[in-house]
Protein chains: 2
Amino acid sequence: MLTTLTRKERERQQREAKILQLARGMLRESGYLGLSMDRIAAEMEYSKGTIYQHFRNKEEIILALANEALEARIELFEQAATWPGNTRERISAIGAAAEEFVERYPHYFAVEQIVRSSSIWEKTSDERQQFMRSCEQRCMQIISGIVRDALAHGDLTMPKNRAPEDLVFGLWSLNFGSYIIMASSNSLGEVGIGDPVAALRDNQSFMLDGYGWRPFSHEADYPALMDRVRREVFSDE
Amino acid sequence: MLTTLTRKERERQQREAKILQLARGMLRESGYLGLSMDRIAAEMEYSKGTIYQHFRNKEEIILALANEALEARIELFEQAATWPGNTRERISAIGAAAEEFVERYPHYFAVEQIVRSSSIWEKTSDERQQFMRSCEQRCMQIISGIVRDALAHGDLTMPKNRAPEDLVFGLWSLNFGSYIIMASSNSLGEVGIGDPVAALRDNQSFMLDGYGWRPFSHEADYPALMDRVRREVFSDE
DNA sequence: GTCACAAAATGACAAGTTGTCAAAAATGGG
DNA sequence: CCCATTTTTGACAACTTGTCATTTTGTGAC
């Protein structure tokens, strides 16, 4: 009896994973409109009704994909935050984690873009919304924690009227904006941006330099550190 | 004959403007899915076929809205670029223009987000795509022009392996990312970001400081300058 | 084996979308 | 007034998503 229950449960989870896998593919292939419940059902060789027993609607599938990725991102960020070095090195490690995340979950930015598109968010369940918000907060906490450590250690002093979260907002928007532009602009080279990932690294560094976060980027080789973090922390699993 | 032609032409343009106006409203109200050709037709008291004579499809309407706004943005940026001051002041004036743009075209970021969503872009006409790309390039040129002036005047020296466009990419993504997040995150206050617009101003300034662009933000009152630019340059029309 | 009952899967449907196109209506020159 | 040309129309086809009565499947008791 126990075994049958778990077998069913296992089948259910497998099916759910398969749905998400198919959805990921469709989304990558042709965006929000390309994700079709009919086609998922057809490719799964199940009826539509069964798919709807897993996800109340299309938007739930998309949010589930986002949740999956965000959970993994927190994992990466937490690992990065424990890097044994000064605060400026630790914030660089977070940058490395962000790069790693983009490589492991290349579909995520497309998903987040869809979720942030009004009228999608509204259709999703409270639980998944809650989960997404909590992931966002958790991310914020991890990073602003490093900022606070830097303040405590005297590596950084906050400018007038600015909170640590304002700095995090800067890193966040710089990253988010850069990756969205990279993902959706097929001709960055033509406008003179040859290596956007390297440019992002530098822009982040210079922003932190501007805040006065020591040691400055000319005093250490942060790109090398980021490569090292990615090799040593994120190479396996 | 000439008069009848122009009258017709005038009516056509008025109708087109009305379509775009309605579309703007629907888009702001409820996003891409909320924009319905049927509803536009109904509210215009024209049949659907007539609407389709103006725009080949839904996506064309969205791109038309983007084009409208981008044209206006170039206007604003060009005005800002002529500000009579040092290069650092001129790049701040561009920041002021960007703020002004967001206030005048609050729907634009939602539109750009939709356009950047894959499978939307593909459905639009080459002409409008071309126009959008040329606007983007033009913007890039205006700003990288100021960067080059700064290099020529010795206000700034480019770091190793970086082109002026990489700096512009930084400002671009910082702005774009910040405004997208602001527009779609209804609870920034809860995560500790009280005044995101002020934070964006500072983050931009600090990034430019990090690049070593003189005079530094602690040597001048750039926020005050931006307020002044907005008052003196963008108050009328 | 078979019966009864619960659980799960089904697909026809309703209600919506976009985009088309033959037919109807308006227009304007002769 | 008439007729060629342009413009407008809305019924359609072809697609969505999401529902739910009906059918199928699974389980345990006898």
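Any value given below was found using the heavy atoms of this structure, including those in side chains, with hydrogens, waters and symmetry copies removed. A note on names: the letters A, B, ... follow the listed sequences, proteins ahead of strands, and every chain is numbered from 1.
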B/S/- along nucleotides 7-19 of chain D (protein heavy atoms under 4.0 Å) is -BBB-----SBBB
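Annotation: cation-pi geometry not satisfied between Arg73(A) and Tyr105(A) (NZ/CZ under 6.0 angstrom from ring centroid, within 45° of ring axis). Geometrically, Arg116(B) engages Phe176(B) in a cation-pi contact defined by less than 6.0 Å to the ring centre and at most 45° from the axis.
We find that Glu190(B) and Arg133(A) are not joined by a salt bridge, their nearest charged nitrogen and carboxylate oxygen being 4.0 Å or further apart. At a threshold of 4.0 Å, the pair Asp227(A)-Arg201(A) counts as salt-bridged, since one of the basic side-chain nitrogens sits closer than that to a carboxylate oxygen. Of the charged side-chain nitrogens involved, at least one lies within less than 4.0 Å of a carboxylate oxygen, so that Arg24(B) and Glu68(B) count as a salt-bridged pair.
We find that CZ of Phe55(B) is positioned 19 Å from C1' of dT20(C), with the value rounded to whole Å.
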